[in-house]
Amino acid sequence: MEIPERYDSKEAEPRWQKHWEEHGIFKFDASDTRRECFSVDTPPPTISGKVHLGHAYSYSQQDFIVRFQRMLGKNIFYPFGTDNNGVATERLVEKMKKVSARNMPREAFIQLCSETVEKELKPEYVQDMKRMGMSFDFSLFYDTIDTHARRISQRSFIELYKKGREYRKDAPAMWCPQCRTGISQVECEDKEVDSFFNDIVFKVQHKDGRAEDVVIATTRPELLPACVAVMFNPEDSRYQKFKGMDVAVPLFGQTVKAIADKRVSLEKGTGIVMCCTFGDQTDMEWQKAYALPIKTAIGPDGKMTSVAGKYEGKTVHEARKEMLAELKAAGLLLAQKAIKHAVKVHERCGTEIEILKTKQWFIQYLDLREEMLEWGQKLNWYPPHMRHRYEHWVNGLQWDWMISRQRFFGVPFPVWYCKECEGVILANESDLPVDPLKHQAPVSACPKCGCVSFVPESDVMDTWATSSLTPLISTELVKDPEMRKKLFPMSLRPQAHDIITFWLFNTVVKSRLHFGVNPWKDCVISGHAQDPHGRKMSKSKGNVVEPQAMIAKYSADALRFWAAGSRLGEDLPFQEKDLVTGEKFATKLWNAARFSFLHLADYKDEKMKLELVDRWLLSKLSRIVTDATAHFNSYEYSKTKSDTEAFFWRVFCDNYLEMVKDRLYNPQQRGIEARRSAQYGLYHALLTVVKLMAPITPHITEEVYQRFYAAHEGKKSVHIAAWPTAGTVDEDAERVGDFLLEAVEHMRRAKSEKKVSLKTPVKKMFLKGKISTEEFSEILPELKSVTQAGEVEYERLPESAETAFICDLEL
RNA sequence: GGGCUCAUAGUUCAGCGGCUAGAACGUCUCCUUUACACGGAGAAGGUCACCGGUUCGAUUCCGGUUGGGCCCACCA
């Protein structure tokens, strides 16, 4: 058998990827309703250019699991989706094409986004995924903005509306005055700014008509016209006397109540604070808790409204400056203290966000907190502690789920409003997907008031409103309803820990609201790839590593081998040197295979009585198979990898191969049966190692499998070969074989200390141990050939002896 | 501020109520040996973060402290 000396991963990996694709190795069989299915709710990545190392890390980990399940013989449903819905794509396209969504026709911008995604971003991204060796069935493909996903997303909206779970109302929401849209938390970032604490005098009005000054510190004096209350901590002895009193706001003169609330810090500022609608999150909570009026001083364009009186039309900064001047002139500005503090800005444009009352759509779920906790408990979490993050999030929920955005490239709400009564008119389900801006409402007159003109909803849904439907979007790619029942609820949700509160939580909520069941049985939470110092990789820090470059320099197998090196859920710092280990593993496997195949050319798979050393090896291997299978079943791929690697390197290569050489090379002395027994051990041990490692390093294992085993085993790929089953554990063989190993190691140490070659013959060897003389005779030929010993003497020690191994050597 | 998590060799990680605490990479010494020098054999390298507790015995279990990381909240 001609086998090249070197394994060239750069040539081999793309070749096998092509082979898998051409032979449909990863294809889901939609017609096979008898086989057990394993359905995976794949995370659809946002395509913002290339695959990131963080993706390579966590996607590799889910691929280990899927490949293992495939080898168990299951019908694997492993679709691939992308999430190009929403502001992330808009931002990228604006940057790439140097356009601004606000300055071009809506339709043209949407078109540009679609085309850029389809023609420029997606092909490269998919190629990256394939190059990593991902075993997706790429024929099961979706995008959260495609027609299929839009239809399902709109259908979900309509169903939840009909269930009474959705409402539209004026509510405070974060708003970017620059981009003029409501935005979500994920779209904000903190920015350190220089500012001032301004000590401003308010007047407390006592019952007897007396007025008392109270000093309130604020960084945002322009919100004085929006002040609706002043707050202090109930524990604060300085202000308790003011409780329930009226307070006059300077410059604008409105009278507000003084309210005690424990959310006020005793230390910050002067300990008494103004509540404005709305300066921050706490203001929203207070407004709601005390049913305070809402006074909107800042408009959607970032300018002061008529509430600000003569300041109307001025910008926030102009108004701030002018009000401070006026306060100072009136002697109401006591002091200004320079501070640095963090403000929330829109990550896209750096504009400070405002909280404005706008009309938004919400999914009502705050009433379901107890149920949410139960749903979380019914999921199988791997690792289990990840459930705490879900629970922590649920316990901290303050608001219903806001799903509308004033953006463009998203799924439209399938809704029109009656011009007269503002009644909601829903699209017909059979017409989905619709765009109300382009399509007519499905009724000719409002069913409530008979009005015949309608206003289309121009908002789009937030991306999470759609991506929380991936179990539906993916399983509905399958047409057969019987098969769909086998796929949903899905077997597995793999994802990283940072989006438990977003994607995982939202998906559970939607599935429960629609179907009353959890969307999956198990969820596997992976960690993050970090930079070499254990910090998060991010473009702004400039510490991002591109997996494509690493694959080109090393191999996909090397990258995957690295990704298999940490415990499930743990973050792993990336150091380039760690990729060398995976490369070395592939080389070692290649060379071990070359040796094995050289001696297996005449191999026949027949049952026979095995020699002790072979039984020793296969018994050790049986233990590895048992453990590896158990670990993989609980998604602990890293343990499978480390156990298998240790067995392969330490036991199989370093020792077993040395022990069988004499029998393989010299059948004339050792006998043909002895050689055949060694062949049996070689064949099965190597094949088992190849299979155990196949999910982790799919390319080198495929190469080895195809070079020899495919012809014997009759499978088109190792990845659809049967996962190994454990053989018998032979404790006697292990005991005797371990004694042999101890003797060999003793000899090696002695030769190394004497700084001589391992080939140097041993003149005499005196051994004492607890194995029987018959047992010793079974390992004597191996002992002699491996150690190059001439004369060997053995003495059996009594069971009561303190040591079980004594060895003297004469070199 | 809250939640979770981690702390073991120079580095990245395993591990375990009791052996001499392991692996890989790195360092040093030796060995061309018929699968592999992209290799092999061997060595050096650890107060298992710190302080208490439980225990015959703790690196391991419990409590606390310190430090790192991620997420969430706050930021008048």
Side-chain angles (χ1 to χ4, degrees), chain A residues 3 5-7 185 190 192-193 195 197-198 216-220 223 227 230-231 263-265 268-276 279-283 339-344 383 385-393 395-396 398 496-502 527-528 530 532-536 561-562 565-567 569-599 638-639 641-643 645-646 649-650 653-654 657-658 661 664-665 744-745 747-760 788:
Chain A
I3 297 180
E5 280 188 23
R6 296 267 180 260
Y7 168 66
Q185 277 177 8
D190 286 348
E192 279 285 314
V193 295
S195 185
F197 252 141
N198 300 284
I216 293 181
T218 180
T219 55
R220 298 203 62 185
L223 288 175
C227 177
V230 298
M231 320 293 295
R263 277 166 278 204
V264 181
S265 154
K268 254 180 218 169
T270 56
I272 185 160
V273 57
M274 58 178 193
C275 168
C276 308
D280 63 24
Q281 181 92 15
T282 324
D283 287 344
I339 55 160
K340 268 188 192 297
H341 72 148
V343 296
K344 270 201 197 321
H385 70 252
M386 291 295 178
R387 197 185 83 219
H388 298 308
R389 294 200 183 192
Y390 171 99
E391 290 178 346
H392 186 241
W393 173 256
N395 286 327
Q398 296 283 331
H497 56 54
D498 57 332
I499 49 171
I500 289 174
T501 56
F502 293 95
H528 272 159
Q530 300 170 322
H533 308 288
R535 282 179 307 230
K536 191 178 178 173
F561 193 89
W562 165 75
S566 75
R567 248 178 359 189
E570 291 296 303
D571 295 336
L572 183 61
F574 175 80
Q575 302 193 93
E576 196 175 326
K577 70 176 177 67
D578 291 336
L579 293 183
V580 175
T581 315
E583 278 294 86
K584 285 190 172 186
F585 172 78
T587 303
K588 191 76 175 173
L589 185 57
W590 177 252
N591 284 312
R594 280 177 62 220
F595 170 82
S596 302
F597 299 161
L598 185 71
H599 296 284
S638 68
K639 291 199 173 97
K641 181 216 132 190
S642 58
D643 287 354
E645 184 191 7
W649 214 294
R650 306 267 137 270
C653 290
D654 291 348
L657 291 188
E658 294 307 318
K661 274 180 182 169
L664 291 170
Y665 280 113
V744 168
E745 284 174 345
M747 172 278 294
R748 285 176 181 152
R749 209 170 297 121
K751 287 184 182 173
S752 184
E753 274 165 20
K754 288 232 156 86
K755 298 190 177 184
V756 296
S757 163
L758 289 179
K759 258 194 144 178
T760 310
Q788 298 289 312

Practice problem: Using a heavy-atom cut-off of under 4.0 Å over every strand shown, decide if V264(A) touches base, sugar-phosphate, or nothing. | Solution: base
Quiz item: Okay, side chain of K588(A), backbone of W649(A): is any donor-acceptor separation there less than 3.5 Å?
Solution: no
Self-check item: Minimum-distance nucleotide to P573(A) side chain [options: rC13(B), rC75(B), rG40(B)]
Solution: rC13(B)
Quiz item: With no hydrogens and no angle check, is any side-chain donor or acceptor of N198(A) less than 3.5 Å from a backbone partner on T218(A)?
Solution: yes
Exercise. Anything under 30° is parallel, anything over 60° is perpendicular, the rest tilted; go ahead and classify F574(A) against W562(A).
Key: perpendicular
Self-check item: Sugar-phosphate only, base, or nothing, as touched by K639(A) at under 4.0 Å among non-hydrogen atoms
Solution: sugar-phosphate
Self-check item: Candidate nucleotides rA41(B), rC36(B), rC71(B), ranked by approach to the side chain of E658(A) - the nearest
Solution: rC36(B)
Quiz prompt | Rounded distance in Å - NZ (K577(A)) to C1' (rG10(B)) | solution = 10 Å
Exercise. Hunt down the Watson-Crick or G-U wobble partner of rU59(B), both distances under 3.5 Å, from any strand shown, or write none.
Key: none
Quiz prompt | For I216(A) against T270(A), the heavy-atom pair lying closest together | solution = CA-OG1, 3.7 Å
Exercise. Among rA24(B), rA41(B), rC13(B), find the nucleotide with the atom closest to the side chain of D654(A).
Key: rA41(B)
Quiz item: Looking across every strand, which nucleic acid part, if any, lies under 4.0 Å from G269(A) by heavy atom: base, sugar-phosphate, or nothing?
Solution: nothing
Exercise. Using a 4.0 Å heavy-atom cut-off across all strands, classify A217(A) as base, sugar-phosphate, or nothing.
Key: sugar-phosphate
Practice problem: Look at the side chain of T282(A) and decide which nucleotide, out of rU12(B), rC30(B), rC75(B), has an atom nearest to it. | Solution: rC75(B)
Quiz item: Touch check for F197(A), heavy atoms < 4.0 angstrom, all strands: base, sugar-phosphate only, or nothing?
Solution: sugar-phosphate
Practice problem: Calculate, to the nearest 0.5 Å, the distance between atoms CZ and CD belonging to R387(A) and E391(A) respectively. | Solution: 4.5 Å
Self-check item: rA49(B) - base-pair partner by Watson-Crick or wobble geometry, distances under 3.5 Å
Solution: rU65(B)
Exercise. Search all heavy atoms of Q530(A) against all heavy atoms of R535(A) and return the closest pair with its distance.
Key: CB-O, 3.2 Å
Quiz item: If you check the R748(A) side chain, which of rA41(B), rA76(B), rA37(B) turns out closest?
Solution: rA41(B)
Quiz item: Taking for each residue the nucleotide of RNA chain B bearing the nearest heavy atom, is the 5' side occupied by R650(A) or by H392(A)?
Solution: H392(A)
Quiz item: NA contact type, E5(A), heavy-atom cut-off 4.0 Å: base, sugar-phosphate, or nothing?
Solution: nothing
Quiz item: Is K584(A) near enough to rC36(B) that one of its side-chain N or O atoms lies under 4.0 angstrom from OP1 or OP2?
Solution: no
Self-check item: Nearest listed nucleotide, side chain of K759(A), among rA37(B), rG69(B), rU33(B)
Solution: rU33(B)
Quiz item: Is K536(A) touching bases, backbone alone, or none of the nucleic acid, heavy atoms closer than 4.0 Å?
Solution: sugar-phosphate
Quiz prompt | Contact nearer the 5' end of RNA chain B, comparing D280(A) with C653(A) | solution = C653(A)
Quiz prompt | From rC13(B), rA23(B), rU29(B), nucleotide with atom closest to L572(A) side chain | solution = rC13(B)
Exercise. Round to the nearest Å and state the distance from H533(A) atom NE2 to rG68(B) atom C1'.
Key: 14 Å
Quiz item: So is K584(A) actually on top of F561(A)'s ring, under 6.0 Å and inside 45° of the axis?
Solution: no
Quiz item: Hey, is the side chain of T587(A) pairing donor to acceptor with the base of rC38(B) inside 3.5 Å?
Solution: yes
Self-check item: rA23(B) - base-pair partner by Watson-Crick or wobble geometry, distances under 3.5 Å
Solution: rU12(B)
Practice problem: Return no unless some side-chain N or O of R567(A) is found under 4.0 Å from OP1 or OP2 of rC6(B). | Solution: yes
Quiz prompt | Interatomic distance, R220(A) CZ vs rA76(B) C1' [rounded to whole Å] | solution = 11 Å
Quiz prompt | Phosphate contact (rC38(B) OP1 or OP2) by W590(A) side-chain N/O below 4.0 Å | solution = no
Exercise. Return the value, rounded to whole Å, for the distance between atom CG of L758(A) and atom C1' of rG39(B).
Key: 12 Å
Quiz item: Checking all strands, does R594(A) fall into the base, sugar-phosphate, or nothing category for heavy-atom contacts under 4.0 angstrom?
Solution: sugar-phosphate
Exercise. Ignoring the backbone of E570(A), work out which of rU5(B), rC36(B), rA23(B) is nearest its side chain.
Key: rU5(B)
Practice problem: Identify whether any heavy atom of G565(A) sits under 4.0 Å from a base atom; if not, whether one sits that close to sugar-phosphate; answer base, sugar-phosphate or nothing. | Solution: sugar-phosphate
Self-check item: Rounded interatomic separation in angstrom, taking CZ from R387(A) and C1' from rG3(B)
Solution: 14 Å
Quiz item: Which nucleotide sits closest to the side chain of R749(A): rA43(B), rC36(B), rA76(B)?
Solution: rA43(B)
Self-check item: Selection from rC72(B), rC31(B), rG39(B) that lies nearest to any side-chain heavy atom of K588(A)
Solution: rG39(B)
